[in-house]
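Step one of this worksheet: look at the structure below.
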Amino acid sequence: MRKIRVLHCLETVGSGGVEQRRLSLVKNLNTDFYDQHLLCTQAIGGIPQQIINAGCSISEVGVHRQVFDLKSYGNALKVVKDFKPDVIHGAVFEGVSMASICGRIGRVPIIIGEETSDPQNRSWKGSLLYRGVISLTHHMVAVSPAVESYLTNNIYYPASRVSMITNGVAQKASPDESYINKLRDELGFRNSDFVIGTVGRLLDHHKRVSDLLVCLSCVIKSVPNAKLLIVGAGPDEGKLRALVNEMQLTDKVFFVGYQPDPQPYYSLMDIFALASAYEAFGLVLVEAMYNKLPIVATRTGGIPKVVLEGETAFLSSTYDPHGMAHNIIKLFRNPELMTSFGDKALARAIADFSEDRYVSDVDALYRGLLSERGII
């Protein structure tokens, strides 16, 4: 029997969680059964080469200059007609819209959309547009219960055609202790320092690292040896650095930029913090859980379903750095609770958010839809 052809559709393939999940599928779906190809507007950074190295070619169709850009959609349609996929699977708005429109025109048997963002702040016009786009799909994937509720209750997509598949993360080996010590020395961290860490793109209306700076200024009043380690880069880095100077926290805050492999930096942290204003899932939470880190985060989107409040994490309201500071201090003052949170976090990550589970769930979805249509 010929291989089943799967075409993944994304906007930019860079370093984000959506791209990492596609890398998981490319590396772990059965290559004797599937032939995978990836279509995107542009490919930048290290993940595209990893995808290619895993045996999946990439077609770049050009950046969208406007919504439904005719040139890039025309290029995408050519890829669809040349590859002749059995399944086209789009994620992120642009990816879903390319999969939906080009999939319909190209008569692809199975069109899947995946909602990977937290749409709680999407305007009614945005929701109306999205509803029109996904009406062209055969099935939708939601990455969290909050997203599933949005699809079925807010834009009235049929519940029978929605599958919730939470993200999965590959557990990475612990880095060499000598390398961790080298990083600690380079940053000037002492063993007595209490390191609060965060990982993410420095886009402040989303990740709210500015709230973490306010949080830190509160924490150091009770924990003078507290430091904030920021792993990530983005358009608001300059503004955040200026805020650090303004708040006189230059000896307390450490920017280390985007790291293709953030694993060693998790090993420097005592607590992981995520102050997002919105978050569909929060892959970095699972990465932190694999590193046995207690978590403080905001109670928004999919976060309360990823962590277990009071068992692996303390949650506070969005835009409430003082509440987050209170939770950090509470953990600092109870080392046994920190250890308990970390142990339970690791167990939860392994049980519920493994890469193997994620790939298995997607494989089951593909095979089920293929069987329904008599393709297999």
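One is the number of the first residue; the rest follow in order along the sequence.
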Same cluster or not: [X] versus [Y], using hydrophobic residues (I, L, V, M, F, W, Y) connected whenever any side-chain heavy atoms lie under 4.5 Å apart?
{"X": "Leu293", "Y": "Met338", "value": "no"}
{"X": "Leu187", "Y": "Val253", "value": "no"}
{"X": "Ile328", "Y": "Leu212", "value": "yes"}
{"X": "Ile101", "Y": "Met98", "value": "yes"}
{"X": "Ile295", "Y": "Met269", "value": "yes"}

Pair up each side-chain donor or acceptor in residues 302-311 with any protein partner under 3.5 Å, not counting sequence neighbours, and list the distances.
from   : atom 1 : to     : atom 2 : distance (Å)
Glu309 : OE2    : Arg299 : NH2    : 2.7

For the pair [X] and [Y], name the ring-plane relationship: parallel under 30°, tilted 30 to 60°, perpendicular over 60°.
{"X": "Phe189", "Y": "Phe254", "result": "perpendicular"}
{"X": "His206", "Y": "Tyr278", "result": "parallel"}
{"X": "Phe272", "Y": "Tyr266", "result": "tilted"}
{"X": "Tyr366", "Y": "His89", "result": "perpendicular"}

What distance separates [X] [atom1] from [Y] [atom2], expressed to the nearest 0.5 Å?
{"X": "Asp86", "Y": "Ile4", "atom1": "CG", "atom2": "CD1", "result": "4.5 Å"}
{"X": "Ser316", "Y": "His322", "atom1": "OG", "atom2": "NE2", "result": "11.5 Å"}
{"X": "Ser72", "Y": "Gln42", "atom1": "OG", "atom2": "CD", "result": "11.5 Å"}
{"X": "Leu274", "Y": "Leu315", "atom1": "CG", "atom2": "CG", "result": "10.0 Å"}

To check you understand the geometry: which heavy-atom pair defines the closest contact between [X] and [Y], and what is its length?
{"X": "Ala297", "Y": "Leu285", "answer": "CB-CD2, 4.5 Å"}
{"X": "Leu77", "Y": "Gly106", "answer": "CD1-N, 4.1 Å"}
{"X": "Glu287", "Y": "Pro262", "answer": "OE1-CG, 4.1 Å"}
{"X": "Ser117", "Y": "Ala280", "answer": "C-CB, 3.2 Å"}

Which residues pass the salt bridge (Lys or Arg N to Asp or Glu O under 4.0 Å) test with Glu186, not counting sequence neighbours?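 Salt bridge (Lys or Arg N to Asp or Glu O under 4.0 Å) check on Glu186 returns Lys182.
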Okay, side chain of [X], backbone of [Y]: is any donor-acceptor separation there less than 3.5 Å?
{"X": "Gln49", "Y": "Gly46", "answer": "no"}
{"X": "Arg208", "Y": "Ala275", "answer": "no"}
{"X": "Asn153", "Y": "Tyr150", "answer": "no"}
{"X": "Asn28", "Y": "Ser24", "answer": "yes"}
{"X": "Ser360", "Y": "Asp356", "answer": "no"}

With a 4.0 Å cut-off, would you call Asp261 and Lys172 a salt bridge?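 Looking at Asp261 and Lys172, the cut-off is met.
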N-O pairing of Glu279 and Lys207 below 4.0 Å: yes
Quick check, are the ring centers of Phe353 and Tyr290 under 6.0 angstrom apart? no
Are more than 12 heavy atoms from other residues, nucleotides or ligands located less than 6.0 Å from atom [atom1] of [X]?
{"X": "Lys71", "atom1": "NZ", "value": "no"}
{"X": "Lys3", "atom1": "NZ", "value": "yes"}
{"X": "Gln66", "atom1": "CD", "value": "yes"}

Could you point out which residue of Leu151, Thr152, Val147, Ile112 forms a side-chain contact (heavy atoms from CB on, under 4.5 Å) with Met140? Leu151
If the test is side-chain contact (heavy atoms from CB on, under 4.5 Å), which one of Asp82, Val79, Val80 qualifies with Ser59?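 Looking at Asp82, Val79, Val80, the match for Ser59 under the side-chain contact (heavy atoms from CB on, under 4.5 Å) is Val79.
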Min side-chain heavy-atom separation [X]-[Y] under 4.5 Å:
{"X": "Glu11", "Y": "Val96", "value": "no"}
{"X": "Val296", "Y": "Ile271", "value": "yes"}
{"X": "Thr12", "Y": "Cys40", "value": "no"}
{"X": "Leu365", "Y": "Val141", "value": "yes"}

Qualifying residues under side-chain contact (heavy atoms from CB on, under 4.5 Å), relative to Tyr265, sequence neighbours excluded: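 For Tyr265 the side-chain contact (heavy atoms from CB on, under 4.5 Å) partners, ignoring immediate neighbours, are Leu183, Leu229, Val231, Val256, Gln259, Leu268.
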Pairing residues for Pro321 by the side-chain contact (heavy atoms from CB on, under 4.5 Å) criterion, not counting sequence neighbours: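 Applying side-chain contact (heavy atoms from CB on, under 4.5 Å) to Pro321 gives Asp211, Val214, Cys215.
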Cut-off 3.5 Å, no hydrogens considered: what does the side-chain donor-acceptor table look like for residues 369-376, sequence neighbours left out?
from   : atom 1 : to     : atom 2 : distance (Å)
Arg373 : NE     : Pro109 : O      : 3.3

Worked verdict on Arg22 versus Glu114 for salt bridge (charged side-chain N to carboxylate O under 4.0 Å, His left out): CA-CA 12 Å; Arg22 294 311 169 275; Glu114 183 172 341; 2.7 Å; yes
Whether [X] engages the ring of [Y] as a cation-pi pair (distance to the six-membered ring centre under 6.0 angstrom, angle to the ring normal within 45°) should be assessed.
{"X": "Arg5", "Y": "Tyr34", "value": "no"}
{"X": "Arg241", "Y": "Phe255", "value": "yes"}
{"X": "Lys330", "Y": "Phe314", "value": "yes"}

Decide yes or no on salt bridge (charged side-chain N to carboxylate O under 4.0 Å, His left out) for Lys292 and Asp343, but give the supporting numbers first. CA-CA 6 Å; Lys292 299 181 70 172; Asp343 289 342; 3.0 Å; yes
So, Ser163 and His139: side-chain donor and acceptor under 3.5 Å apart, yes or no?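 Yes.
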Quick one: hydrophobic cluster around Val13, which other residues, with the 4.5 Å side-chain cut-off, linked directly or via members?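 Under the 4.5 Å side-chain rule, Val13 groups with Leu10, Val18, Leu23, Val26, Leu38, Ile47, Ile51, Ile52, Ile58, Val92.
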